[in-house]
Structures are given as structure tokens and as C-alpha cells.
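In what follows, every chain begins at residue 1, and chains take the letters A, B, ... in the order their sequences are listed.
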Amino acid sequence: MGDDRKLTPRAEDFSNWYNEVVLRAELAEHSPVRGSMIIRPWGYTLWENMQRALDDKFKATGHQNAYFPLFIPLSFIAREAKHVEGFAKEMALVTHTRLIANPDGEGLIPDPASKLEEPLVVRPTSETIIYDAYSRWVQSYRDLPILLNQWANVVRWEMRTRLFLRTSEFLWQEGHTAHATSEEAERETLTIVGVYRSFMEDWMAMPVITGQKTESERFPGADRTYALEALMQDNKALQAGTSHMLGQNFSRQFDLKFQAESGDWEYAWNTSWGVSTRLVGGLIMTHGDDSGVVMPPKLAPYQVVVTPIWKTEDQKTVVLEKAEFVASTLRGERVRVHVDQRDNMSPGAKFWDWERKGVPLRVEIGPKDVEKQQLVLARRVTAEGQDRKEFLGEVAALAAIPERLLEIQRTLLETARRRQRENTHRVTDYGEFTRMLDERGGFFFAGWCGSAECETRVKEETKATIRVLPDEEFRSETPPERCLVCEGEATHEAVWARAY
RNA sequence: CGGGGCGUAGCGCAGUCCGGUAGCGCACCUGCUUUGGGAGCAGGGGGUCCCCGGUUCGAAUCCGGGCGCCCCGACCA
């Protein structure tokens, strides 16, 4: 592949580019166990920053964190029919609790005597164990609502995996709530969609379309699933988050009842909602370029890296002193800043290194700058017509940096929005749809008659699925009249796309 | 589970067809010179060649069996 310092360009092979970016930016790598990954500090710090922002939003909307166990009795999963059906094919089970030396050879084997009476499932999601607990916590309407979230790992035994996008074990948050009325639960699911959307747009700079999933794409056990869909640079859709109205499906199975004001016993209404480390993949595929990752400033582990440049020992002393001064000044402004003091790397090599890792802003300080009392600012991405580098007096530069970070954040969102807009199409003709889907991909808005047959046919013929039935704000001004597929009367507008 | 590819130094690979002292680049260590966009020179360290078995005087290489990983398809956040 020629120069192995360079990444495969996105246009040449997007999925290779993605893998190389993740590995070379040291975000994550494959672990010895198939389908699971090691999240390295650079990637994990990004995730921690995402967690913090989301967690603050959950708290601000009245939620608390709790922790429920990793192991779930198999019988719990089996209680909700659709839920079992949905997860049965991808469960990891604990069946034994002890190892013994293999009597027939080498190594260790599970001790047959330690076999569990009831196997434990490694949670693929926690509805069952949580609603079981809620059923013990709730007696009266006064105990409602319960608004909890947990940060946890879950396991779904996937066949095909990709770093961050789909791994057998992943990190996520799962919110689980219980309410006295259907209306209140419904409101909760929509509140969360709003929380997710503002996080994705304001923090990740990743625009999304929100809407409702069709029955075939619904969470197993939910009455309704709301989702947020983003469009990646290869014009495939990514389901970035989901929020489920569970109705009374789980409360009936787990006997989650309460006595209402009227004195009647009623089943509670539940919601669940989650986003995962998949968002890291979404961030990479939204903003990354042929040089590597691009981190939105609000989430970047380091927002600024100061690169000192020197020739002589005397210069090194002076330059490093200035670099530390700049860093501590910025830290006072709550800028996350790092001084790259490595002396076994040339400045140029450091530039490439931090660009590959996506640091939004670089400050260069050399002897000339110290002398002229100036700093060089270099941004990771530029808006149209912007210069990549700026030479500013030290005081002006220090004052400008927080602004520059905000500008970069804005530029990223604008660029991503424009790309999403340019790759969103409205179609009425099925032939045109399949042609455009193959030629360029993207989001396709079109009418749908509501039948599973038409939905399935599109999936089989084109591999595209209905990502969402979009919320009102995303819908076309004049609703489509005919179904894209059968040309019958359209009852919905749908967004079709090939998806991750 | 089907199709393809790969397993040799920390990483990326060559060597395998045609058996004969295990190599290259990067990284690492030491020294000197360097440092404003991927530094240079010199010296140095590092290997159960995925595993098990077979053939052979001799196996990274040939034969048999196994394991693992990656990529592409059917399921999924």
C-alpha cells in the first residue's frame, strides 16, 4: 500500500479506512477473544467525556444512577415472549462455577459437579432483572415514577463484529423507568429522544433524523421504538440511539403493579432507552478524514496540544517554559491541554501524530515565537476560506483559543449537516430509488403503504431498510401520496437507507 | 454457518512454488549530529516461524490433522 504512514483513503475503501483509523489513532484494538475489543486510553477518555455529558443530562431530567447485576437467571429472560425471541440467538451463558484438571488429558474443564441448576445469562440488556426489582419496590402510585439509569457492559454474541460499531461485549447506558400512566411513559421516551438528540448534535456535532421504528425493527418486547439515525460519510445510516415505550409488557410478566389513587391495582408503564460505545464509531465516521480522526472540541480528550520546537538546549528551556505557561493559563480557562515534551520525535512527526488522533487545535511554540511574543495556532479542520494556521500575539492567541474551539465545534456540525442534506433524497419511483441507492446511497424519503410485504421486498431486493418513520419536523411539506414499492396509498412517509 | 485471505521480532511484511545458517522496513536501546510538517549516520538487542503429528540426513518451506484471527454474505445497538 505504499507509504504505511498514510491511511487508506476513504474514497478507496471506507471500511479499511475505518479500521485503520481506529487502530492507528490508538482508540481501540482487537482483544484475544473474538468479537471483543480493548478500548485504549485515548478511546476510553473520549467515552468518559461522552458519559459525563450524557450523565449530566440524565440527572438534569430527574434520573438517578443505579447498578443491577451482570448475571440474569435464564428464566427471567424467558418470561417475555418477544423478548426471548429477540435475544435467544445471541446469549452467553454461565453454566458452571468451578474448573478441574481434565481427567482425560491436559488443561482444565468445567467441573460437572459444579453445574448450576439454572444457567445464568450474561445480560444482553437488563429489562427483566430491573423490572423484577421494581415490582418489589412499588406498591402505590406514590412510589412512581421510578427514573433510573445504569452504566454497564452487556454481551450479545454477534457473528460479525467491528470495533465500536458491533462487538460482542460493549459499554452503554440503559435507562429504565416505570410510570403510573401510559401518557407519562410516552412523554418520557420522547424526553429521552430529545436528550439524545441534543447530545448528538451539540456535543458530537452529529446531526440525526428522529422518528419511530416500524414493527420489524422494533425492540423485542416494546410497543413502540423511537430511534435516532445519523448518516455516515459512506452514505450508510447508523442507528445512534433508541428509546422504547414498553407499555405494560414487562410489568405484566414481572408483576409490577401499583395501587392507583382510585384504589384499583394497575400495571405500571415502562420505558427503556440506551446509547452505546457505538457512538464512538459514529463520531469517527461522521468527522474523520484521510488524515485520521477528528474530535469535536467538546468531547476531545485533549482540546489543545502544545508542540514545543527547539534546536539548542537553551532554546529548549525557554520554549518549554513558555509552553507550560501557555498550558497552565489555558487550564485556568478549563481547556483540556497537553504539552508534548517528547524529545525523540521531530515537531513534524508530532503534528501528524496528534492530527491522526483528532486533536482539534495545536499550538506551536518555537524560539522565534518566544522572541516575538506570539503563538502559532493550527486547526485540525477549517471552514471554507479559513487558513489552517494563524500567527497571533501571545495575549490575543490565549484569548482566542476558547473561541476557536467553539468555532471548530460549529464548523463540524455545519459540515456534517450539509453532507447529510446533500445526501438526503426524495423519491417516488422505485427504479430511481434503487439506482440512486446503488450509485450514491444516502437517506431516501418516500411514501410507504404500511405493509410489511413492501418493507420486506425492499430489504430483500436492495438491502435497504426503513430507518425511521420520521418525526413531523423532518417530514416533507407535502406528504407523499403513493407507496414507493406497491404504489398503493401511502399512509406514512418513511426514510429508507442501507444501514450499519 | 457458507465464501475468501492470513498466521514468521512490538507493528507491517518478504521468504513457502523449488527443503540447506531466519530476513527487510518501522519501532526499541547506545552514541553523535539534528528538530518551524513524518530526521540522519554508526553500532546494538530482540524469534517456541500458530499448535500437534508425519516424511527427510535436514522442515518456516512438503504431507495430514487441529486452532486462531481478519475480510465478504445470512442476524443485530
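Comparing the same atom, C1', in B:rG15 and in B:rA59 gives a spacing of 14 Å after rounding to whole Å. A gap of 39 Å separates the P atoms of B:rG44 and B:rC63, to the nearest Å.
Taking side-chain N and O atoms only, A:Asn344 has a distance below 4.0 Å to OP1 or OP2 of B:rC28. For A:Asn19, a side-chain nitrogen or oxygen approaches OP1 or OP2 of B:rC71 to under 4.0 Å. For the OP1/OP2 pair of B:rC70 and a distance below 4.0 Å, the side-chain nitrogens and oxygens of A:His30 include at least one atom meeting the criterion.
Taking the six-membered ring for Trp and the full ring otherwise, A:Tyr302 and A:Trp354 have centroids separated by under 6.0 Å. Between A:Phe164 and A:Trp47, a ring centre-to-centre spacing not shorter than 6.0 Å is recorded. For A:Phe219 and A:His83, the ring centers are positioned less than 6.0 Å apart.
Remark: A:Glu371 does not engage A:Lys368 in a salt bridge, criterion side-chain N to carboxylate O under 4.0 Å. The existence of a salt bridge linking A:Lys372 and A:Glu394 is excluded, since no basic side-chain nitrogen approaches an acidic carboxylate oxygen closer than 4.0 Å.
A:Asp353 contributes no side-chain N or O that forms a donor-acceptor pair with the base of B:rG38 under 3.5 Å. With hydrogens and angles left out, the side chain of A:Arg24 and the base of B:rG12 share no donor-acceptor pair within 3.5 Å. Taking 3.5 Å as the limit, the base of B:rG37 and the side chain of A:Glu355 contain a donor-acceptor pair of atoms between them.
Among the heavy atoms of the strands lying under 4.0 Å from A:Arg388 is at least one base atom, whether or not backbone atoms are also near. At a threshold of 4.0 angstrom between heavy atoms, the contacts of A:Asp13 with the nucleic acid are absent.
Base pairing annotation: B:rG36 forms no Watson-Crick or G-U wobble pair, as no partner gives both donor-acceptor distances under 3.5 Å. Under the Watson-Crick or G-U wobble criterion, with both distances below 3.5 Å, B:rG2 is paired with B:rC72. Both distances falling under 3.5 Å, in either a Watson-Crick or a G-U wobble arrangement, place B:rC67 opposite B:rG7. Under the Watson-Crick or G-U wobble criterion, with both distances below 3.5 Å, B:rC28 is paired with B:rG44.
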statement: Whether each nucleotide of nucleotides 72-77 of chain B has a protein heavy atom under 4.0 Å at its base (B), only at its sugar-phosphate (S) or at neither (-) is summarised, 5' to 3', as BBBBBB

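Cation-pi contact between A:Arg362 and A:Phe351: present, with separation from the ring centre below 6.0 Å and deviation from the ring axis of at most 45°. By the 6.0 Å and 45° rule, A:Lys357 stacks over the aromatic ring of A:Trp42.
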